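Order of appearance sets the numbers: ligands from 1, and atoms from 1 within every ligand. Because the structure is predicted, anything quoted here is derived from the model rather than measured. Each residue takes its place number in the sequence, starting with 1.
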Amino acid sequence: MSETKSKKKRKTAAKATSGSETPKAEIAQLTAEISHHDDLYYRHDAPEISDSAYDALRRRLEELEKAHPELRRPDSPTAKVGAAPVGAFGKIRHDVPMLSLGNAFDDQDVVDFVERVRRFLKLGEEDALEITSEPKIDGLSISIRYEHGELIQAATRGDGTEGENVTANIKTVRDIPHTLKGKNVPEVIDVRGEIYLGDDDFEKLNAAQAKNGDKVFANPRNAAAGSLRQLDPSITAKRPLKFFAYAWGAASKLPADTQAGVVAAFKHWGLPVNPLMRIAAKTEALLAFYHDIESKRASLGYDIDGVVYKVNRLDYQERLGFVSRSPRWAIAHKFAAEQATTVLEKIDIQVGRTGALTPVAKLKPVTVGGVVVSNATLHNEDEIARKDIREGDTVVVQRAGDVIPQVVEVVRDKRPAHSHPFKFPTVCPVCGSHAVRESEEETGKVDVVRRCTGGLICPAQVKERLKHFVSRNALDIEGLGTEKIEFFFETGRIKSPADIFTLEARDQASDEPLMKVRGFKETSVRKLFAAIDARRNVPLDRFLYALGIRHIGETTAKDLAKAYGTLEALRAAVEAAIKGGKDSEAYRDIDNIEGIGETVVDALIDFFDERHNQEQLSALLREITVTPYVRAQLKETPVTGKTVVFTGTLMKLTRNEAKAQAERLGAKVSGSVSKKTDYVVAGAEAGSKLDNARALGVTVLDEDAWLALIGQS
Ligand code: 9MJ
């Protein structure tokens, strides 16, 4: 039967390729072909056909679309301006995600990090643990792919999963070799590191920019970013960007079995590496390195914002794995924040997408660590009361790395006479609804955040939800940023997520089309519509995150997407939980998913049980398709897709390590035993879970049998 099916498929494909059967089939075929060539050209720098052959395909498609406007497809490449894909740079997916580092802010955090690693690996006091230390460069992370030693592509970090193709620009960086030298260069390796601009070069660049009346950059990092994101590589070539290699992603083979060994190989291959990297076995030595680098910070010649520590042995790194978006085997020890004093002119209350009222300090602009600061967060109502922060006060402002500046304290001596304590509003400043502090049902604990109760009638919440919906880690609609959403919302053009996708059709029928609105040009409008169309297929995890359901951030959205695969399956599960109530099996099934707790289940129920949300979701799903979650291409293992529960004390692995390892091998780890459990791995003194497993007839393995099953014995 499968043969008949595949024959049929081939026949259909052959028909479409002939191109002349029907205009509809030809349009579909041309669309696919042009997209394929766009992809080769923009993402892979590897066109297969000549420019004139490409132009001929586009012309034919335009002709057909003109003759049959009703057949024009939403994903038509002719909607994209010129031949450029949506976004100036093509996108590149990282085979291995580019993760961020967890932070340590003081010596104790570093002590805790080392202890955590030791505990996780079950190391005894006598077992050595080598850790590397290196300066943390304050630049831009990039990933450069070398195949057979040749530089073939380079991408920015982007959201960690997908970055921008900056190959042409990276090729102009003198520090970065186009060909790696030496014998042990692997067939494929993604070399990762930081692009930066030296302090002197930054000063020179800014002086030249100022002289030409061009934009002056706030700091070397911004200047490096601006230089790398030039559409014209000849401009990038004139900026003296530099590079340090310090990590890697996908690799066919590694040249060493330690962090320091791989970095030494990078150096042999001709890649620049930081000469200050050291290896130490004691926490005191890590801290000594940190304080030494801190004292040399100003004279290094490039900006750094801390020190990075990494477990040296790669087998240990592998065992430690990742937690959320950061490796467990590394940490960034940040330098202390920089501070400055200025006047707090006003306290503004902003209303966020979940209704949270956030106080923001409007400051007399002041430079803190090289960056001009005019806003700072005041966190919440209690914080303002605790520090007795008042309008008109002189305050100390602090900026640490890329976090939002904060008001640390008030300079009391400078307080003006007749100032009043700040009165936090109890109604929403935007919609006038009551603003309340919720309290937890069970504990009675009052939330620090005051929230507007207006929900979807509060314009601020609706607008903020829209901004979140299109933001980078959500739908990532290029050209539809905060300002555009403000404009479309204020002018009534976009009031709900679905409106984004009907914008073009409504605009065409409108008396005041965007092209006639001041500030919009024909090309930018067309580009925007193309960018919107490009997001009519959205992966489930992004979509769930984009919905802005409370307590569902990126990690939770991924966990849910992984567990259910499709939106339909997730909705069915939530609807069953709504029907069954808190004590139902349906409710517990969601609650049992690793990473998901009652707070999330309740938030899902609240969201899907609300009529407004159901209506908005239906309208949205008429416009877009949510694509099933695609698991990273894991190799099939004996436990792929199996549900495993660990219980009791394990001897060879810690519980966390066992869980992380099982997940790496494609298993789902659950906290409780049910009929759906495939294996219960029982260590010493296993209790009720083991009893449950026996009662339900679930396979029970001891630790050794489990290790044998996964091939680790
Ligand atoms: C910086 N920014 O200098 C890492 N980094 O390693 C160094 N960043 C890193 N290492 C793994 N030196 C992820 C990030």
Side-chain angles (χ1 to χ4, degrees), residues 94-105 110 113 117 130-144 154-161 163 173 175-176 189-199 219-222 224-225 228 241-251 254 256 258-267 271-280 286 289-290 292-294 296-297 300-314 316-335 400-403:
H94 301 298
D95 283 350
V96 174
M98 286 183 82
L99 301 159
S100 49
L101 296 171
N103 288 324
F105 293 105
V110 179
F113 163 71
V117 167
E130 282 187 347
I131 294 182
T132 62
S133 316
E134 60 199 291
K136 183 172 185 300
I137 316 300
D138 195 7
L140 282 118
S141 314
I142 55 154
S143 188
I144 312 174
T156 59
R157 179 174 178 278
D159 63 3
T161 310
V173 177
D175 259 11
I176 298 179
I189 187 161
D190 285 335
V191 173
R192 292 180 174 172
E194 207 84 355
I195 286 284
Y196 67 97
L197 200 59
D199 294 339
N219 53 44
R221 186 182 187 284
N222 289 359
L228 193 61
L241 293 172
K242 294 201 169 100
F243 180 66
F244 276 131
Y246 54 65
W248 56 93
L254 286 175
T258 58
Q259 178 74 31
V262 176
V263 172
F266 284 171
K267 189 173 175 202
L271 289 157
V273 301
N274 195 306
L276 298 170
M277 182 185 194
R278 296 287 178 271
I279 304 174
L286 302 182
F289 178 85
Y290 171 88
D292 181 44
I293 294 290
E294 191 177 32
K296 295 188 176 122
R297 183 177 181 184
L300 290 177
Y302 47 85
D303 261 14
I304 61 171
D305 56 350
V307 158
V308 183
Y309 308 119
K310 298 176 184 172
V311 170
N312 197 27
R313 277 175 56 163
L314 301 187
Y316 282 175
Q317 289 191 3
E318 171 95 2
R319 280 174 60 189
L320 286 154
F322 298 86
V323 57
S324 191
R325 311 190 110 231
S326 316
R328 265 199 205 87
W329 44 264
I331 199 161
H333 189 179
K334 293 297 205 56
F335 291 137
D402 40 14
V403 300

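- A salt bridge between Asp305 and Lys136 is present, with a side-chain N of the basic residue lying under 4.0 Å from a carboxylate O of the acidic one.
- At a threshold of 4.5 Å between non-hydrogen side-chain atoms, the residues Asp190 and His94 do not count as touching.
- In this pair, His333 and Tyr309 present their aromatic rings tilted. The plane angle is within the 30 to 60° band.
- The side-chain heavy atoms of Gln259 and Val311, taken from C-beta on, include no pair separated by under 4.5 Å.
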Ligand 1: which protein N/O atoms lie under 3.5 Å from its N/O atoms?
unit_1, atom_1, unit_2, atom_2, d
ligand 1, 2 (N), Ile137, O, 3.3
ligand 1, 2 (N), Glu194, OE1, 3.4
ligand 1, 3 (O), Ile137, N, 2.7
ligand 1, 6 (O), Lys310, NZ, 3.0
ligand 1, 8 (N), Tyr246, OH, 3.3
ligand 1, 10 (N), Lys310, NZ, 2.9
ligand 1, 12 (N), Glu134, OE1, 3.0

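- Counting heavy atoms from C-beta outward, Val308 and Tyr246 have side chains that stay 4.5 Å or more apart.
- In this structure, CG on Asp175 lies 8.0 Å from CD1 on Ile195, to the nearest 0.5 angstrom.
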